[in-house]
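Heavy-atom basis, side chains included; hydrogens, waters and symmetry copies ignored.
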Amino acid sequence: MSVSNSSNRRRFATPNCLSDWLKPRLASDSFASWGVKPGTKNVHNLWLEISQGETSLADSTPPIRTVNVVTVRVIGKNSRVLVESHQELSDGTVRSRHRPLSEKMKPDESPESAVLRAVREELGSVAGGEVRIVPGSYREKVEERYSASYPGLPARYVLYSVDAIVDGLPDGDFCTEEAEEYGESEEKKVADQAVTVRKHFWTWVSPDTVEL
């Protein structure tokens, strides 16, 4: 099964073009807080999401951001679940998370492929073993809420979640570092101005404390 994320898609040549398009469609105080309020992202982040096909914007006031997201409940010893407790961002701030491993999906990417990519990108520096999706654990739902990353921008999250077992992970708390994603492309120049995640901090928790 693949998930299409290409309908109703707008393209913007530069982050400035996107900014000019957003300004009359968003409350000025909300838009001004992007990348300034601790834990938020900026317009360069949103431009990268759109250019990579991870996000689409509806032409409305305010625009609605639609994102397909895969969420992976990694199951460890004694049925504990791995969650990201917090992140260290490139601007020096720390963002609280308490969420299972999650990743925005690429256009036409299947949930199964997204699971493997998410584990490789987020946990690959410490996990070298097999990834096994638990049969019958697949769930799908839609959530609509305002984005914490982009204040004032309503979001529609299409969530695909699974349970998985990942061999080779530490039994205790651990940290992973974010690898650079864009190489020497034009996106790399924009990414240098975006608010990015530098480090992920992981911990094991009781399954009844984790919401999907």
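Every residue was checked against the side chain to side chain donor-acceptor pair (under 3.5 Å) condition with Ser102, not counting sequence neighbours, and none meets it. The ring pair (Phe, Tyr, Trp, His ring centres under 6.0 Å) search around Tyr157 returns none, not counting sequence neighbours. The side chain to side chain donor-acceptor pair (under 3.5 Å) search around Ser113 returns Ser110, not counting sequence neighbours. With sequence neighbours left out, the side-chain contact (heavy atoms from CB on, under 4.5 Å) criterion links Ile133 to Glu112, Val115, Ser137, Val162. Every residue two or more places apart in sequence or in another chain that forms a side chain to side chain donor-acceptor pair (under 3.5 Å) with Asp208 is listed here: Ser206. Taking Trp204 as the reference, nothing meets the side chain to side chain donor-acceptor pair (under 3.5 Å) condition, with sequence neighbours excluded.
Under the 4.5 Å side-chain heavy-atom criterion for Ile, Leu, Val, Met, Phe, Trp and Tyr, Ile64 and Leu153 are members of distinct hydrophobic clusters. Using a 4.5 Å cut-off between side-chain heavy atoms of Ile, Leu, Val, Met, Phe, Trp and Tyr, with links allowed through other members, Leu116 and Leu169 fall into the same hydrophobic cluster. Hydrophobic clustering (side-chain heavy atoms under 4.5 Å, transitive across Ile, Leu, Val, Met, Phe, Trp, Tyr) groups Val190 together with Leu22. By the criterion of side-chain heavy atoms lying less than 4.5 angstrom apart, applied directly or through intervening Ile, Leu, Val, Met, Phe, Trp or Tyr residues, Val69 is not grouped with Val197; the two fall into different hydrophobic clusters.
Within the 4.5 Å cutoff, the side chain of Pro63 has heavy atoms near those of the Arg25 side chain. Residues Trp34 and Leu26 are in side-chain contact: their nearest non-hydrogen atoms beyond the backbone lie under 4.5 Å apart.
The two atoms that bring Ser51 and Arg11 nearest to each other are O-NH1, 3.2 Å, heavy atoms only. Here the closest non-hydrogen pair linking Arg80 and Pro207 is CA-CD, 4.4 Å. Between Trp21 and Ala58, the shortest heavy-atom distance links the atoms CH2-O, 3.7 Å. For Gly152 against Pro154, the heavy-atom pair with the smallest separation is O-CD, 3.4 Å. Among all heavy-atom pairs drawn from Val126 and Cys175, the shortest one is CG1-O, 4.4 Å. Ser125 and Thr176 make their closest contact through OG-CG2, 3.6 Å (heavy atoms, listed as atom of the first residue, atom of the second, distance).
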Check residues 36-45 and write down every donor-acceptor pair under 3.5 Å in which the side-chain atom is one partner and the other belongs to a residue at least two apart or another chain.
unit_1: Thr40; atom_1: OG1; unit_2: Ser33; atom_2: O; d: 3.3
unit_1: Thr40; atom_1: OG1; unit_2: Gly35; atom_2: N; d: 2.9
unit_1: Thr40; atom_1: OG1; unit_2: Lys37; atom_2: O; d: 2.6
unit_1: Asn42; atom_1: OD1; unit_2: His44; atom_2: N; d: 2.9
unit_1: Asn42; atom_1: OD1; unit_2: Asn45; atom_2: N; d: 3.1
unit_1: Asn42; atom_1: ND2; unit_2: Gln193; atom_2: O; d: 2.9
unit_1: His44; atom_1: NE2; unit_2: Gln193; atom_2: OE1; d: 3.4
unit_1: Asn45; atom_1: OD1; unit_2: Asn42; atom_2: N; d: 3.0
unit_1: Asn45; atom_1: OD1; unit_2: Val195; atom_2: N; d: 3.0
unit_1: Asn45; atom_1: ND2; unit_2: Val195; atom_2: O; d: 2.8

Show which side-chain atoms of residues 81-89 pair as donor or acceptor with protein atoms under 3.5 Å away, not counting sequence neighbours.
unit_1: Glu84; atom_1: OE1; unit_2: Gln87; atom_2: NE2; d: 3.3
unit_1: Glu84; atom_1: OE2; unit_2: Gln87; atom_2: NE2; d: 3.2
unit_1: Glu84; atom_1: OE2; unit_2: His200; atom_2: ND1; d: 2.5
unit_1: Ser85; atom_1: OG; unit_2: Phe201; atom_2: O; d: 3.2
unit_1: Gln87; atom_1: OE1; unit_2: Arg95; atom_2: NE; d: 3.2
unit_1: Gln87; atom_1: OE1; unit_2: Arg95; atom_2: NH2; d: 2.8

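The ring-ring contact (aromatic ring centres under 6.0 Å, His included) pairs that include a residue from residues 101-122 number zero, where partners must be two or more places apart or lie in different chains. Residue pairs that meet the salt bridge (charged side-chain N to carboxylate O under 4.0 Å, His left out) test with at least one member in residues 165-177, sequence neighbours left out, are Lys77-Asp171, Arg132-Asp167. Sorted by first then second residue, the ring-ring contact (aromatic ring centres under 6.0 Å, His included) pairs that include residues 107-126, not counting sequence neighbours, number zero. Counting only residues at least two apart or on different chains, no ring-ring contact (aromatic ring centres under 6.0 Å, His included) pair has a member in residues 61-85.
Here Phe12 and Trp47 keep their ring centres 6.0 angstrom or further from each other.
The backbone N or O of Leu46 lies less than 3.5 Å from no partner atom in the side chain of Glu49, so there is not a single donor-acceptor pair. Of the possible donor and acceptor atoms, none in the side chain of Thr196 sits under 3.5 Å from a partner among the backbone N and O of Ser90. In this structure, Ser19 contributes its side chain and Asn16 its backbone to no donor-acceptor pair below 3.5 Å.
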For a side chain to side chain contact (heavy atoms under 4.5 Å, CB included) check, start with the C-alpha distance between Thr55 and Tyr150, then their side-chain angles and the critical distance, and finish with the verdict.
CA-CA 13 Å; Thr55 285; Tyr150 306 106; over 6 Å; no

May I have the step-by-step check of side chain to side chain contact (heavy atoms under 4.5 Å, CB included) for Ile50 and Leu57, ending in yes or no?
CA-CA 8 Å; Ile50 295 170; Leu57 290 178; 3.6 Å; yes

Checking side chain to side chain contact (heavy atoms under 4.5 Å, CB included) for the pair Val205/Val210: CA distance, chi angles, key distance, verdict?
CA-CA 8 Å; Val205 300; Val210 179; 3.5 Å; yes

Can you check salt bridge (Lys or Arg N to Asp or Glu O under 4.0 Å) on Arg156 and Glu143, steps first, answer last?
CA-CA 6 Å; Arg156 180 177 184 269; Glu143 290 184 0; over 6 Å; no

Can you check side chain to side chain contact (heavy atoms under 4.5 Å, CB included) on Tyr138 and Asp163, steps first, answer last?
CA-CA 7 Å; Tyr138 179 85; Asp163 294 349; over 6 Å; no

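The residues Arg117 and Glu103 are annotated as salt-bridged, a charged nitrogen and a carboxylate oxygen being separated by less than 4.0 angstrom.
Atoms CZ and OG, from Arg10 and Ser56 in turn, are 11.5 Å apart once rounded to the nearest 0.5 Å. A distance of 9.0 Å separates NE2 of His98 from OG1 of Thr203, quoted to the nearest 0.5 Å. The OG1 atom of Thr71 sits 9.5 Å away from atom CZ of Arg139, with the distance rounded to the nearest 0.5 Å. Going from atom CG of Leu101 over to atom CZ of Arg99 covers 12.5 Å, rounded to the nearest 0.5 Å.
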